[in-house]
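Keep in mind that this is a model prediction, so the values were computed, not measured.
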Amino acid sequence: MGGDGCGLPARLGWHIVSGDAVGEWVAERVDGHYSKKIAAAIGLERDGNIIAGVIYENWNKRSIVSHIAVEGRLTRDFIGAIFDYPFNTCGVNKIICPVGSGNIKSQRLATSMGYLEEARIKDAHPDGDLILYTLKRSNCRFFGEKYGKKLTVAAAST
């Protein structure tokens, strides 16, 4: 059985991808903006269609902001990849995920992934409050062979 380089069987039609098309797809779904000059994006395709993606922006060597959109089932390898990138490639200690207080589905997704509500900015989102969920590297459970990646410690480039 062939693979796509990310541990996913190619014959199943699942592929982890990156690039501007993913960033634009996510931005459209989170009512945001994607700028290829200051952001990166990782997505999951099934049979040629993007079904999930993450935009990463505002990297400051200690933290990074992520925006997640999902319209399908996530794979273990994709979940592993979206945490491997900020923690191992970028070398951050914390991921920040802003979510509108009216977006219950995104709040559930964030908390199911281990994010904790760290701050709430009143009346800062069109849906009400802006909730800042965060996940520390030390609390991330999505490393290891189960998620397609071994936990490695990588320093961010300076």
Side-chain angles (χ1 to χ4, degrees), residues 4 6 8 14-143 147-149 151 154 156-157:
D4 69 352
C6 296
L8 295 174
W14 298 88
H15 299 279
I16 296 173
V17 295
S18 63
D20 298 340
V22 174
E24 292 165 7
W25 184 91
V26 173
E28 182 178 306
R29 282 148 184 83
V30 300
D31 294 323
H33 178 75
Y34 173 75
S35 173
K36 63 183 176 182
K37 292 181 181 180
I38 62 168
I42 297 174
L44 180 64
E45 282 186 350
R46 181 164 190 194
D47 299 325
N49 298 309
I50 300 170
I51 61 166
V54 181
I55 295 173
Y56 301 97
E57 61 184 0
N58 296 328
W59 173 71
N60 68 9
K61 298 182 183 176
R62 296 279 301 160
S63 66
I64 197 164
V65 176
S66 72
H67 305 276
I68 304 170
V70 179
E71 291 185 354
R73 187 175 71 90
L74 301 179
T75 65
R76 286 183 180 166
D77 282 348
F78 178 70
I79 293 169
I82 65 172
F83 290 104
D84 180 69
Y85 178 78
F87 289 126
N88 293 327
T89 301
C90 298
V92 300
N93 294 318
K94 185 179 279 194
I95 304 170
I96 302 165
C97 186
V99 178
S101 61
N103 191 338
I104 303 304
K105 186 177 178 183
S106 289
Q107 291 176 46
R108 283 189 199 128
L109 177 64
T111 57
S112 73
M113 290 180 157
Y115 286 86
L116 300 174
E117 181 177 331
E118 186 165 325
R120 185 178 288 250
I121 305 169
K122 299 290 184 190
D123 303 317
H125 192 275
D127 290 340
D129 298 343
L130 180 64
I131 304 169
L132 299 179
Y133 287 94
T134 64
L135 179 64
K136 291 181 180 180
R137 176 188 180 86
S138 59
N139 294 336
C140 183
R141 66 182 190 273
F142 300 109
F143 292 114
Y147 294 96
K149 298 285 180 184
L151 178 61
S157 33

Handout entry: Val30 versus Ala69, closest heavy-atom pair with distance
Key = CG1-CB, 4.3 Å
Practice task
Measure the shortest side-chain to side-chain distance between Phe142 and Met113 over non-hydrogen atoms and say whether it is less than 4.5 angstrom.
Solution key: yes
Handout entry: Interatomic distance, Trp14 atom CH2 to Leu74 atom CG [nearest 0.5 angstrom]
Key = 8.0 Å
Problem - side chain to side chain contact (heavy atoms under 4.5 Å, CB included) between Ile121 and Asp129, intermediate numbers included - result: CA-CA 6 Å; Ile121 305 169; Asp129 298 343; over 6 Å; no
Handout entry: Any donor-acceptor N/O pair, Arg137 side chain to Phe87 backbone, under 3.5 Å
Key = yes
Handout entry: Minimum heavy-atom distance between Ile68 and Cys97, given as atom pair plus value
Key = CD1-SG, 4.4 Å
Exercise for the section: Identify the two heavy atoms, one from Arg73 and one from Ile51, that lie closest to each other, and give their separation to 0.1 Å. Expected result: O-CD1, 3.5 Å
Fill in the blank from the handout: Smallest heavy-atom separation, Ala21 atom then Ile50 atom, equals O-CD1, 3.9 Å
Handout entry: Partner set under salt bridge (charged side-chain N to carboxylate O under 4.0 Å, His left out) for Glu28, not counting sequence neighbours
Key = none
Handout entry: Backbone of Asp127 reached by a side-chain donor or acceptor of His125 within 3.5 Å
Key = yes
Problem - Flag if over 12 foreign heavy atoms under 6.0 Å of CZ, Arg62 - result: no
Exercise for the section: Compare all side-chain heavy atoms of Trp59 with those of Val92 and state whether any distance is below 4.5 angstrom. Expected result: yes
Problem - 4.5 Å side-chain heavy-atom contact, Val22 and Ile42 - result: no
Problem - Taking every non-hydrogen atom, the tightest pair across Asp20 and Tyr34 - result: OD1-OH, 3.2 Å
Problem - side chain to side chain contact (heavy atoms under 4.5 Å, CB included) partner of Glu117, the single match among Val99, Ile131, Leu132, Thr111 - result: Ile131
Exercise for the section: Using a 4.5 Å cut-off on heavy atoms from C-beta on, say whether the side chain of Gln107 contacts that of Lys105. Expected result: no
Practice task
Report yes if some heavy atom in the side chain of Ile55 is under 4.5 Å from a heavy atom in the side chain of Glu24; otherwise report no.
Solution key: no
Exercise for the section: Step through it carefully: locate the ring centre of Tyr115, locate the ring centre of Tyr133, and say whether they are under 6.0 Å apart. Expected result: no
Exercise for the section: For the residue pair Ile16 and Asp77, establish whether any side-chain heavy-atom pair is separated by less than 4.5 Å. Expected result: yes
Exercise for the section: Evaluate the ring planes of Tyr56 and Tyr85, with Trp represented by its six-membered ring, and classify them as parallel (under 30°), tilted (30 to 60°) or perpendicular (over 60°). Expected result: tilted
Problem - Phe83 to Ile79 - nearest heavy-atom pair and separation - result: CD1-O, 3.1 Å
Completion exercise
In this structure, CH2 of Trp25 is separated from CD of Glu45 (nearest 0.5 Å) by 10.5 Å
Exercise for the section: Answer yes or no: is there a side-chain heavy-atom contact under 4.5 Å between Glu57 and His67? Expected result: yes
Fill in the blank from the handout: Checking Ile96, Ile95, Val26, Leu135 against Ser66 for side chain to side chain contact (heavy atoms under 4.5 Å, CB included), the one that qualifies is Ile95
Exercise for the section: Return each pair, listed once, that meets side-chain hydrogen bond (donor to acceptor under 3.5 Å, both in side chains) where at least one residue sits in residues 93-103; pairs must be two or more places apart or across chains. Expected result: Lys94-Glu118, Asn103-Ser106
Handout entry: side chain to side chain contact (heavy atoms under 4.5 Å, CB included) between Leu109 and Val70, intermediate numbers included
Key = CA-CA 9 Å; Leu109 177 64; Val70 179; 3.9 Å; yes
Handout entry: Student check: side-chain heavy atoms of Lys136 and Asn139 closer than 4.5 Å
Key = yes
